[in-house]
Amino acid sequence: MEVIIKPDAGAVGKAAARIFEDQLERKSNSVLGLTTGSTPLGLYGELATLAHANLVDFSRVTTFNLDELVGIPLDHPLSYYSYVRAKLFSRVNIPLVSTHAPNGLARDIPKHCEEYEAAIKRAGGIDLQLLGIGTDGHIGFNEPSSSLNSRTRLKPLTPEMVEENTRLFGTDKPPRYVITMGIATIVEARHCMVLALGESKARTVAAMVEGPITADCPASALQMHPHVT
Ligand code: GLP
């Protein structure tokens, strides 16, 4: 793993954007894996600035989101797809037909998960997968105890997340499940980039980089990967 330490969030966003820029310079039709969370916002802002100055071209890019809430349409304002659309897609020149996310309204979820994996393969596999990390070491919605061999599948949200959704959605029937890429799906990307900001993530990052490879810290599976930043 290549560990890059920066003094502040702004510098992290810039360094991460540089990695995206290099990727798109090398391969204009790159396949990118994208994520939600607050951590990538600096990166998405930098990419928007670069796109505005015509320094980065998303016109031939394909994207796959890491996860999605179950029970709401992709165009719901609180869907993860809408989040990435607002923070990135709407600010760069990517055709929306090239942007993919698991469909939280799929009738047959296991079948849909298989199709999502197949769509990633058909696109040629993910070149650069962006990841955040939870303080418990989760990536995507692969919480501790998730199989390191897991693939895209349905997962229940933690009680804390359901509580947060109750507040956000303003209803007593908030989303309780997500579809998430699995650990094995994630590590198939050619290059994985994990962003983590602030002291509260320091111990988790140490466990990911230097701790034992264990389902207790799902991100530790990245130690086996040949190209992680
Ligand atoms: C959520 C998401 C993760 C994200 C993590 C950290 O649980 N499922 O994909 O990386 O939280 O979020 P943040 O970047 O806001 O700290």
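Ligands are counted one by one from 1 in listed order, and the atoms in each one are counted from 1 as well. For the single chain, residues carry numbers from 1 onward in sequence order.
- Proximity annotation for atom 2 (C) of ligand 1: of Ser38, Ala196, Gly140, Gly140 comes nearest, heavy atoms only.
- Electrostatic pairing of Lys111 and Glu114 does not count as a salt bridge here, judged by no charged N lying under 4.0 Å from a carboxylate O.
- Taking every heavy atom of Gly132 and a limit of under 4.0 angstrom, the matching atoms of ligand 1 come to 10 (O).
- Between Phe141 and His138, the ring planes are parallel. Angles under 30° get that label, and only those over 60° would be called perpendicular.
- Between His191 and His227, the ring planes lie parallel to each other; the angle is under 30°, not in the 30° to 60° tilted range.
- Within 6.0 Å of OH in Tyr177 there are 12 or fewer heavy atoms belonging to other residues, nucleotides or ligands.
- With hydrogens left out, the protein atom closest to atom 16 (O) of ligand 1 is Lys201 NZ, 2.8 Å, a heavy atom.
- Among all non-hydrogen protein atoms, the one lying nearest atom 12 (O) of ligand 1 is Gly37 CA, 4.0 Å.
- Checked for salt-bridge contact, Arg151 and Glu117 meet the test: a charged N lies under 4.0 Å from a carboxylate O.
- The closest protein non-hydrogen atom to atom 1 (C) of ligand 1 is His138 NE2, 3.6 Å.
- If you look at Thr35 next to ligand 1, the close heavy atoms, those under 4.0 Å, all belong to the side chain.
- At a 4.0 Å heavy-atom cut-off, ligand 1 touches Ile133 through the backbone alone.
- Taking the charged nitrogens against the carboxylate oxygens, Arg18 and Asp22 do have a contact shorter than 4.0 Å, which makes a salt bridge.
- Distances below 4.0 Å separate heavy atoms of Thr39 from the following atoms of ligand 1: 13 (P), 14 (O), 16 (O).
- The two residues Leu168 and Leu78 come nearest to each other via the heavy atoms O-CD1, 3.6 Å.
- Heavy atoms of Met161 found under 4.0 angstrom from ligand 1: none, in either backbone or side chain.
- Protein non-hydrogen atoms do not reach within 4.0 Å of atom 4 (C) of ligand 1.
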